Engineer: 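So that we are looking at the same thing, I have put the structure below in structure tokens.
Treat the numbers as computed from the prediction; the structure is a model and nothing was measured.
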Amino acid sequence: MMDLFSQIEEPEREELLALRKELEEANYKYYVLNMPTLSDREFDEKMHRLQDLEAMFPDMFDPKSPTQHVGSDLDKGQRTKDKGQNGKAFETVKHKYPMLSLANSYSREEIEDWARKLPAGVEIVCELKYDGLSISLWYENGQLVRALTRGDGQQGDDVIANIKTIPSIPRHVVGTPSSFEMRGEVLLPWERFEALNKEREEQEEPLFANPRNAASGTLKLQDPREVARRGLDAYLYYMLGEDLPGTTHYERLQTAKQWGFHISDAIKVCHSVDEVMAYIAYWDTERKNLPVATDGIVLKVNDLQTQEELGYTAKTPRWAIAYKFPAEKQLTLLKEITYQVGRTGVVTPVANLEPVQLSGTMVQRATLHNEDFIRQLDIRPGDRVWVEKGGEIIPKIVAREKTKDRPADSKPLSTLSEAVYSFPTLCPECGAKLVRVEGEAAWRCPNEAGCPPQIKGKIEHFVSRKAMDIEGLGEETIDLLYRQGLLHNIADIYDLRLEDIAAQERLGEKSAQNILDGIEASKNVPWSRVLFALGIRMVGETTAKKIAKQYNTIDALQWATAEQLTAIEDVGPQIAENIVRYFEDMRNLEILERLRKAGVQMEGEAAEEPQSDKLAGMSIVISGTFSHHSRDEYKALIEAHGGKNVGSVSKKTSFILAGENMGPEKLKKAESLGIKLMSEEEFLQLISE
């Protein structure tokens with residue numbers, strides 16, 4: 001009999017282990033890679049199933065199970081330090097108060113079930129649930145001294161340099177307790193999200209799926225100037241500490257608003273589930289008019305003493321719960337699949353849909369990403385598909401309606417000739433045979449010099465604002481001049497004549513002269529932007545600046561090896577290989593020579609000579625916050641005096657430039673290795689002697 005029970009239990013035990021693995025991977029992709037693979041509801045349903053199975057098999061309890069901890073935005077391989085965009089480490093600091101997640105609900109019944117467990121007559125504060133990145137802000141004597149991400153709930157990454165670029169977060173507040181913590185959400189407003197994705201689309205870089213992913217990726221960048229440019233915002237929603245004013249959550253938020261913190265005006269104190277549901281119903285519609293993304297409502301017990309009495313589970317507070325708005329999606333007909341060719345030759349399948357209303361706009365087209373995506377969902381022309389707006393802005397197909405009503409001749413995507421439809425093997429624009437690089441999902445047209453969308457796309461990129469910034473040469477004008485045989489590559493721009501441009505439809509002599517003035521002005525664009533404008537695959541604006549700093553002329557860069565290029569910060573093997581391959585193409589070399597003869601800047605200013613060699617041979621770590629200069633300015637000073645900036649403490653560290661609130665891990669390691677700590681004033685005195 002026991003053997004029979006064991007056999008019955010075995011599949012469920014296997015399911016338990018499989019769910020743990022799946023949810024851990026989903027957490028990692030969501031928090032660390034910013035590439036969610038499950039919807040919130042799918043994740044929660046799987047989590048509830050795992051909780052049920054763990055209750056069924058208590059002998060399989062594991063403290064590392066996803067049911068026992070919150071998702072972590074720390075790198076799984078390095079719990080003590082997470083790496084930024086360029087591989088440098090952020091300082092990781094332990095939270096004074098753990099940052100837990102919230103239990104989620106999706107119906108009135110679940111809200112009522114939660115409310116029944118509360119003491120009778122409690123007030124419930126309703127707030128908008130902003131879809132961003134959780135942040136913990138610590139203030140000492142009115143000064144912002146630390147800004148930690150949620151991390152794994154017990155410790156987080158200190159991103160204070162990036163947080164200080166957000167205008168809505170005060171660096172200094174007056175009239176506050178000596179020490180307190182504010183928690184909130186860092187967000188990327190819709191307007192900035194659209195602009196950022198438009199930039200990435202123009203560069204054929206992967207788009208951010210939603211503002212939350214964009215905000216998370218931005219906050220982990222190592223360049224605060226780029227963070228500032230992207231335009232993050234923040235809303236604060238909770239205060240912690242000792243001897244704080246007020247006895248209710250609502251009172252404290254109103255006090256925080258008086259201190260200058262960005263607190264939402266949408267907060268409301270409710271006295272019944274009916275009031276809560278009315279609040280939810282109102283904001284389910286009205287939130288679409290907000291400048292930032294929201295994905296639900298947060299309910300909190302108002303009285304702080306009651307919060308303390310209710311306490312916490314292993315990963316959630318009992319006194320709060322989140323109601324998640326259902327994602328808006330519609331069922332429509334997939335009429336046909338067409339294919340677009342981008343600037344770098346990537347062939348993207350596009351779903352042409354029966355028009356459907358979604359989040360206030362009419363949707364007729366949606367990306368199908370690549371061949372693998374089509375195969376995975378088994379999408380075919382004539383299917384009815386579910387369309388959703390990713391982040392409520394980018395239309396995407398999330399599933400097909402499974403039905404037996406498919407036409408008799410309907411077949412899955414195939415490269416077989418007898419298939420009803422197949423992913424093209426030839427470029428739909430120029431007929432060249434498509435290629436697929438090992439390890440990549442996309443098919444690509446290799447005919448860079450003869451494929452019309454690639455030719456026009458490279459020219460559009462070359463003249464764009466962040467590249468050569470040539471006004472008047474927009475997409476329509478480029479298309480017109482291309483069709484007239486006046487533009488075949490970027491070098492042809494500098495051969496355009498007034499009479500040729502003025503003779504074109506919708507263009508007169510005045511417009512032609514403005515274009516020529518813009519072309520002439522572009523000859524003064526600095527070398528780093530010229531390098532970016534060339535459109536070398538995967539060489540973005542920031543990477544181009546770093547390469548141009550290392551290689552001061554086009555001639556020096558032309559002869560750089562892949563190994564030499566990968567020594568540059570942010571340049572990986574694939575980027576290095578793309579650069580080497582670019583200079584191996586004789587057509588590119590001919591274009592570069594024509595650009596040089598036209599007067600385009602092919603070299604930059606000579607690198608500044610070091611101010612001194614006082615720090616020559618020294619490896620210096622910077623830690624803490626400073627009053628005289630920013631961390632970036634101190635890094636520049638170290639390099640200017642011959643020193644080398646390093647991110648971690650080791651036996652080779654010469655000294656640590658230590659500011660206020662130095663990271664405890666670095667301090668502990670410095671003490672164990674006997675590394676000298678140098679104050680800001682001592683350092684400035686050293687380099688000025």
Side-chain angles (χ1 to χ4, degrees), residues 73-96 136 138 140-141 143-149 151-152 154-164 179 220-224 546 567-570 608 610-689:
D73 60 30
L74 300 175
D75 189 304
K76 291 178 74 173
Q78 292 186 320
R79 288 293 186 190
T80 56
K81 65 177 183 179
D82 191 15
K83 292 188 176 181
Q85 193 82 350
N86 62 3
K88 294 182 179 177
F90 289 102
E91 191 72 30
T92 298
V93 181
K94 186 178 177 62
H95 292 297
K96 184 171 183 179
S136 161
W138 263 101
E140 301 283 352
N141 299 317
Q143 296 284 348
L144 176 63
V145 297
R146 193 177 304 126
L148 304 182
T149 64
D152 61 7
Q154 301 300 319
Q155 56 184 357
D157 295 318
D158 192 350
V159 291
I160 189 167
N162 290 341
I163 286 294
K164 285 182 175 180
S179 176
K220 288 297 185 77
L221 293 173
Q222 287 288 337
D223 186 355
K546 293 177 179 178
I568 302 173
E569 187 177 62
D570 279 355
E608 292 184 11
Q611 296 179 28
S612 78
D613 59 358
K614 292 175 182 175
L615 304 178
M618 296 186 183
S619 296
I620 302 165
V621 172
I622 299 178
S623 183
T625 57
F626 303 92
S627 56
H628 298 301
H629 296 282
S630 69
R631 290 169 68 101
D632 284 340
E633 288 171 340
Y634 275 121
K635 287 180 180 180
L637 282 172
I638 288 171
E639 292 178 357
H641 290 276
K644 178 182 178 182
N645 289 291
V646 292
S648 57
V649 180
S650 69
K651 293 180 180 179
K652 296 181 180 179
T653 302
S654 304
F655 65 85
I656 297 176
L657 174 53
E660 296 181 11
N661 303 298
M662 178 181 169
E665 291 297 324
K666 286 183 178 176
L667 179 60
K668 182 179 179 180
K669 191 162 187 179
E671 290 173 347
S672 67
L673 295 175
I675 306 296
K676 178 183 178 181
L677 304 184
M678 186 177 292
S679 71
E680 191 172 10
E681 289 73 18
E682 289 173 326
F683 176 79
L684 292 173
Q685 178 65 30
L686 171 64
I687 63 174
S688 65
E689 289 175 351

Engineer: Return the minimal non-hydrogen interatomic distance between His95 and Gln155, and the atom names on each side.
Structural biologist: CD2-N, 3.5 Å
Engineer: Quick check: closest heavy atoms across Lys644 and Ile638, and the distance to 0.1 Å?
Structural biologist: N-CG2, 3.8 Å
Engineer: Got a donor-acceptor contact below 3.5 angstrom from the Asp152 side chain to the Gln154 backbone?
Structural biologist: yes
Engineer: The test is side-chain contact (heavy atoms from CB on, under 4.5 Å); show your working for Ile675 and Val649 and say whether it passes.
Structural biologist: CA-CA 8 Å; Ile675 306 296; Val649 180; 4.1 Å; yes
Engineer: Determine, step by step, whether Tyr634 and Ile620 satisfy the side-chain contact (heavy atoms from CB on, under 4.5 Å) criterion, reporting the C-alpha distance in whole Å, the side-chain angles of both residues, the deciding distance to 0.1 Å, and the verdict.
Structural biologist: CA-CA 11 Å; Tyr634 275 121; Ile620 302 165; over 6 Å; no
Engineer: Quick check: closest heavy atoms across Ala147 and Ile163, and the distance to 0.1 Å?
Structural biologist: CB-CG1, 3.5 Å
Engineer: Which heavy atom in Phe683 sits nearest to a heavy atom in Met678, and how many Å separate them?
Structural biologist: CA-SD, 3.6 Å
Engineer: Check step by step if side-chain contact (heavy atoms from CB on, under 4.5 Å) holds for Leu615 and Leu686.
Structural biologist: CA-CA 9 Å; Leu615 304 178; Leu686 171 64; 3.8 Å; yes
Engineer: Out of curiosity, Leu673 CG to Thr653 OG1, how far, rounded to the nearest 0.5 Å?
Structural biologist: 7.5 Å
Engineer: Looking only at non-hydrogen atoms, find the nearest pair between Thr149 and Lys220 and report the distance.
Structural biologist: CG2-CE, 4.0 Å
Engineer: Nearest 0.5 angstrom please: Asn162 CG to Asp157 CG, how far?
Structural biologist: 11.0 Å
Engineer: Begin from the C-alpha positions of Trp138 and Asp158 and carry the test side-chain contact (heavy atoms from CB on, under 4.5 Å) through to its verdict.
Structural biologist: CA-CA 11 Å; Trp138 263 101; Asp158 192 350; over 6 Å; no
Engineer: Using modelled atom types only, decide if a donor and an acceptor are shared between the side chain of Ser136 and the backbone of Leu148 within a distance under 3.5 Å.
Structural biologist: no
Engineer: Between Leu677 and Leu667, what is the shortest heavy-atom contact and its length?
Structural biologist: CD1-CD1, 3.6 Å
Engineer: With rounding to the nearest 0.5 angstrom, report the CD to CG distance, Glu682 to Leu684.
Structural biologist: 10.5 Å
Engineer: Enter the distance from Glu91:CD to Arg146:CZ here, rounded to the nearest 0.5 Å.
Structural biologist: 10.5 Å
Engineer: Please answer whether the main-chain N or O of Ser619 pairs with a side-chain N or O of Ser654 as donor and acceptor at a distance below 3.5 Å.
Structural biologist: yes
